[in-house]
Amino acid sequence: MFDQLTVVNHPLIQHKLGIMRDDQTGPKEFRELLKEITLLLTYEATRHIPTYDKEIKTPLVKMVGQCIEDKKVTVVPILRAGLGMVEGVLSLMPNASVGYIGIYRDPDTIQPVEYYSKLPSVDENTQLFVLDPMLATGVSSSWALKVVKKAGAKQISLMCLIAAPEGVRFIEKNHPDVKIFTAALDERLNDHAYIIPGLGDAGDRLYRTK
Ligand SMILES: O=P(O)(O)OC[C@H]1O[C@H](OP(=O)(O)OP(=O)(O)O)[C@H](O)[C@@H]1O
Ligand SMILES: O=c1cc[nH]c(=O)[nH]1
Ligand SMILES: [Mg+2]
């Protein structure tokens, strides 16, 4: 149905996501689960990144092992909710660089408002991952993708937890070169552009701001 989308439909991920969706789940567990699911998503989202050969010596013989250049990996969480995904990626690629883009969605206009941006230097060889748990209309992620492209990134993936079809369509139309990885593709958006069934406002649930 969508060319650029991978739904990482693993039982462990679906189990953990179900707990996150439950409105009785508190912020501590919500944060832990977001980190754990992100780690599992990262496994799939990094399948395409290049490796290089390195000669190593086991206790018995020499052999050629495979390494990734995680120093060429940059993760860019969209504040605030994307922050909850950073540790999950870094636990697998500890040398990745981290940049930040602060965007909130104006509740009346549903348009993105950028309030912060600090990126490390990136170029066409950087493997860049934009992180945001919620892909609703797609306007926030699309804005962030424009920012990282302007900074020079060319190999870009978007990692999210829950995507709405409307958001995936928007990203595929505006950024057909970007791969999207999500734990779930939900049904639709409601009249306030919230994902149904979704999990509510990810930022508020992470940081108990409502
Ligand atoms: O796809 P969209 O329609 O743009 O909606 C998704 C955006 O909305 C949420 O952020 P929010 O504006 O709630 O900011 P926050 O992370 O600070 O809570 C979410 O984390 C995404 O960034
Ligand atoms: O469902 C939604 C939509 C936008 N932002 C969220 O945090 N949740
Ligand atoms: Mg929010």
Side-chain angles (χ1 to χ4, degrees), residues 2 4-7 16-27 29-31 33-35 37-38 41 45 75-89 98-119 128-149 156-176 178-210:
F2 293 114
Q4 294 300 111
L5 180 71
T6 303
V7 181
K16 289 172 189 294
L17 180 57
I19 303 171
M20 290 188 76
R21 289 182 191 270
D22 188 334
D23 67 0
Q24 297 303 302
T25 299
E29 201 178 358
F30 192 91
R31 280 194 291 271
L33 289 164
L34 181 56
K35 177 182 167 184
I37 295 178
T38 304
L41 283 174
V75 292
V76 180
I78 302 177
L79 310 181
R80 292 173 302 165
L83 265 185
M85 299 176 76
V86 174
E87 284 301 316
V89 182
V98 184
Y100 298 89
I101 300 177
I103 299 172
Y104 69 86
R105 201 179 68 163
D106 183 294
D108 299 320
T109 63
I110 315 292
Q111 286 309 303
V113 181
E114 182 182 335
Y115 58 90
Y116 186 74
S117 170
K118 179 123 181 114
L119 297 178
L128 193 141
F129 296 86
V130 171
L131 311 178
D132 194 326
M134 308 308 277
L135 179 62
T137 65
V139 293
S140 306
S141 292
S142 181
W143 186 284
L145 291 168
K146 259 194 289 177
V147 172
V148 298
K149 284 180 180 177
I156 307 168
S157 302
L158 172 63
M159 278 172 65
C160 51
L161 186 69
I162 301 180
E166 294 88 335
V168 177
R169 220 169 281 128
F170 192 77
I171 299 297
E172 286 202 343
K173 179 161 176 267
N174 292 289
H175 302 280
V178 171
K179 298 181 186 66
I180 309 168
F181 296 88
T182 187
L185 179 64
D186 273 10
E187 282 167 38
R188 61 185 172 89
L189 298 178
N190 72 8
D191 294 343
H192 303 285
Y194 272 82
I195 302 174
I196 302 295
L199 51 68
D201 188 298
D204 287 341
R205 293 196 62 185
L206 277 167
Y207 304 117
R208 217 174 62 73
T209 40
K210 260 205 188 114

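Position 1 is the first residue of the sequence; numbering continues from there. Each ligand, and each atom within it, is numbered from 1 in the order the structure gives. In this text the structure is predicted, and so the values were computed from the model without any measurement.
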What's the shortest distance from [atom] to any protein heavy atom, and which residue and atom give it?
| atom | answer |
| --- | --- |
| atom 13 (O) of ligand 1 | D201 OD2, 3.3 Å |
| atom 5 (N) of ligand 2 | M134 CB, 4.1 Å |
| atom 1 (O) of ligand 2 | I195 N, 2.8 Å |
| atom 12 (O) of ligand 1 | R105 N, 2.7 Å |
| atom 2 (C) of ligand 2 | Y194 CD2, 3.3 Å |
| atom 8 (N) of ligand 2 | G200 O, 2.8 Å |
| atom 3 (O) of ligand 1 | T137 OG1, 2.5 Å |
| atom 6 (C) of ligand 1 | M134 O, 3.4 Å |
| atom 7 (O) of ligand 2 | A202 N, 2.9 Å |
| atom 19 (C) of ligand 1 | D132 OD1, 3.5 Å |

Under 3.5 Å, is there a donor-acceptor pair between the side chain of [X] and the main chain of [Y]?
| X | Y | answer |
| --- | --- | --- |
| E166 | L189 | yes |
| S141 | L135 | no |
| R205 | T25 | yes |

query: Hey, is P133 one of the residues with a heavy atom under 4.0 angstrom from ligand 2?
result: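 It does not; every heavy atom stays at 4.0 Å or beyond.
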task: Mark the output for A164 as yes if a heavy-atom distance to ligand 2 is under 4.0 Å, and as no if none is.
output: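 Not so, A164 does not reach ligand 2.
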- prompt: Among I78, L83, L119, whose side-chain contact (heavy atoms from CB on, under 4.5 Å) with Y100 holds?
  reply: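 Exactly one pass, corresponding to L83.
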query: Just going by heavy-atom distances, which of A81, G102, P112, G203 is nearest to atom 16 (O) of ligand 1?
result: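 Checking each option, the heavy atom nearest atom 16 (O) of ligand 1 is found in A81.
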message: Going by the closest heavy atom to atom 4 (C) of ligand 2, which one wins out of H192, R205, R105?
response: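 Considering heavy atoms of H192, R205, R105, the nearest to atom 4 (C) of ligand 2 sits in R105.
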Heteroatom distance test ([X], ligand 1): nitrogen or oxygen, under 3.5 angstrom:
| X | result |
| --- | --- |
| L135 | no |
| R80 | yes |
| S140 | yes |

- request: Could you pull out the closest heavy-atom pair between V147 and S117, with the gap in Å?
  value: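 Smallest heavy-atom distance, with atoms named: CG1-OG, 4.1 Å.
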Spacing of [X] atom [atom1] and [Y] atom [atom2] [to the nearest 0.5 Å]:
| X | Y | atom1 | atom2 | value |
| --- | --- | --- | --- | --- |
| T6 | L185 | OG1 | CG | 11.5 Å |
| I37 | M20 | CD1 | CE | 5.5 Å |
| D106 | Y104 | CG | OH | 6.0 Å |
| L206 | L34 | CG | CG | 5.5 Å |
| S142 | I103 | OG | CD1 | 9.0 Å |
| S157 | F181 | OG | CZ | 5.0 Å |

- prompt: Close to the Mg ion (ligand 3), meaning under 2.8 Å, how many protein N, O or S atoms are there?
  reply: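 Count of protein N, O, S atoms less than 2.8 Å from the Mg ion (ligand 3): 2.
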task: Kindly determine whether R21 and D186 satisfy salt bridge (charged side-chain N to carboxylate O under 4.0 Å, His left out), including the steps that lead there.
output: CA-CA 12 Å; R21 289 182 191 270; D186 273 10; 2.8 Å; yes
field: Atoms in ligand 2 with a heavy atom of A193 nearer than 4.0 Å
entry: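 Counting atoms of ligand 2 from 1, those under 4.0 Å from A193 are 3 (C).
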- prompt: Does D204 come within less than 4.0 Å of R80, counting only side-chain N to carboxylate O?
  reply: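 Answer for the salt bridge query: yes.
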Atom 10 (O) of ligand 1 within contact range, any protein heavy atom under 4.0 Å: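 No; the ligand atom in question lacks any protein heavy-atom contact below 4.0 Å.
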message: Quick one, R105 with Q111, criterion side-chain contact (heavy atoms from CB on, under 4.5 Å). Give me CA distance, side-chain angles, the key distance, then yes/no.
response: CA-CA 5 Å; R105 201 179 68 163; Q111 286 309 303; over 6 Å; no
task: Go through the steps to decide whether K146 and H175 satisfy the test side chain to side chain donor-acceptor pair (under 3.5 Å), and finish with yes or no.
output: CA-CA 9 Å; K146 259 194 289 177; H175 302 280; over 6 Å; no
